[in-house]
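Structure first, then comments.
Below, each value reflects all heavy atoms present in this structure, side chains not excepted, and no hydrogens, waters or symmetry copies. Note that ligands are numbered from 1 as they come in the structure, with each ligand's atoms numbered from 1 the same way. Note that the structure is a prediction, hence the values are computed from the model and not measured.
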Amino acid sequence: MEREAKVATGDLLGTVVAVQANFYQVQLDVVEAVSVTSLLCTRRTRLKKIGQQVIVGDRVVVEEPDWAGGRGAIADVLPRQSQLDRPAIANVNQILLVFAAADPPLEPYQLSHFLVKAESTHLNLVLCLNKSDLISTEQEMEIHTRIKNWGYEPNFISVNKGIDVDKLSSLLKDRITVVAGPSGVGKSSLINSLIPSVRLRVGEISGKLAKGRHTTRHVELFELPSGGLLADTPGFNQPDLDCTPEELAYYFPEARTRLEAGSCRFSNCLHRDEPECVVRGDWERYPHYLNFLEEAIARQTKLNQQADPESTVKRKTKSEGQSKYEPKLESKKYRRVSRKTQQQSLQELYQESEE
Ligand SMILES: Nc1nc2c(ncn2[C@@H]2O[C@H](COP(=O)(O)OP(=O)(O)OP(=O)(O)O)[C@@H](O)[C@H]2O)c(=O)[nH]1
Ligand SMILES: [Zn+2]
């Protein structure tokens, strides 16, 4: 259902920064009379009737502002530039992936997992390695070279020592950024340092960001002092890959450049043991690719079986007892995942995350 929101000059525009029950906190673009910067809004009945959802990050038209009471009503939602699910956030521009250079030690496989997940959103990616104070210059150079070879530019910072946090901050200006990364790397410390008014509790697993910290549903956008919004989303912190086997290679810059420079003999090449494959090779993360591929294939097989229980997708048991997927036998069926099944599994995920 495509709808064009009509924006007239003089309309009051803002961005939804938090949603709670049926209320929407809207940060206004322009500071209005009596220096009101945000309004607590309801959603117009008309929007409910047409099933127009309002999510965090949405650009909205606000009507009937009650400046004294700090209230208003959302009359319309502007078309979204992007949308992330679990948690739902509209108009995100980029993902800020935070890892620690040490303590916890940098785990390449875990980093790969997050990178692939981030790539699958097709958003811009900013990679930040915190706690640079804990490693030597040589170690930093080593990690830098290694990650550059993966196709990424790491930004080394130290929140505690205040090293290069400003540099990072300039990459976030005037954009909506989602922060992701494993536990203990200093995400809360970083957000606190970028936005002193937030004051997240550091080094504590529970109790952060009210109770919402552990429910993937809760998400709030924090305003950066120099412009831009930052979302801290727990939902992104245990990334479960959900891409198809065919997509996966495109989420590795190393494979992507190989596929841009040449092409594999088979158009449906999964870059394992197929002849004349341009992707297979001695790049560092190729084993990660193979592991994620197995996961993606297993997931796809499961989805296909749910879609069609009669499915005769064959699994061959290799001598070592590992089961190996055989795409050649059922290549058509293998691709055919019905929309309905995809929807169902999404629904299930939503329900799980809301329990
Ligand atoms: N040495 C050093 N320690 C840091 C730095 N930044 C944060 N830390 C410490 O790392 C620990 C974890 O920091 P948090 O900010 O709670 O990490 P987090 O990523 O929010 O962790 P979760 O809430 O579990 O997701 C705390 O003890 C911080 O003081 C840094 O630049 N250098
Ligand atoms: Zn190939």
Quick one: which ligand 1 atoms are inside 4.0 Å of a heavy atom on [X]?
| X | answer |
| --- | --- |
| Asp133 | 1 (N), 2 (C), 30 (C), 31 (O), 32 (N) |
| Ser189 | 7 (C), 13 (O), 14 (P), 15 (O), 28 (C) |
| Leu134 | 1 (N) |
| Val185 | 17 (O), 19 (O) |

More than 12 heavy atoms of other groups within 6.0 Å of Tyr250 OH: no
Give a yes or no on this: more than 12 heavy atoms of other residues, nucleotides or ligands lie within 6.0 Å of atom NZ of Lys48. yes
State whether the side chain of [X] and the backbone N or O of [Y] hold a donor-acceptor pair below 3.5 Å, judged by distance alone.
| X | Y | result |
| --- | --- | --- |
| Gln27 | Glu223 | no |
| Asn91 | Gly57 | yes |
| Arg299 | Cys243 | yes |

Tell me the angle that SG of Cys264 and SG of Cys277 form around the Zn ion (ligand 2), rounded to 10°. 110°
Between Val98, Asn160, Asp103, flag the one that comes closest to atom 2 (C) of ligand 1 by a heavy atom. Asn160
Answer key: the N, O or S atom of His271 nearest to the Zn ion (ligand 2) is ND1
Phe99 CZ to Lys187 NZ distance, which is reported to the nearest 0.5 Å: 9.0 Å
Decide whether an N or O pair under 3.5 Å exists between Ile157 and ligand 1. no
Would you say Lys161 and ligand 1 have an N/O pair spaced under 3.5 Å apart? no
Is there a side-chain contact between Leu293 and His271, using heavy atoms and a 4.5 Å cut-off? no
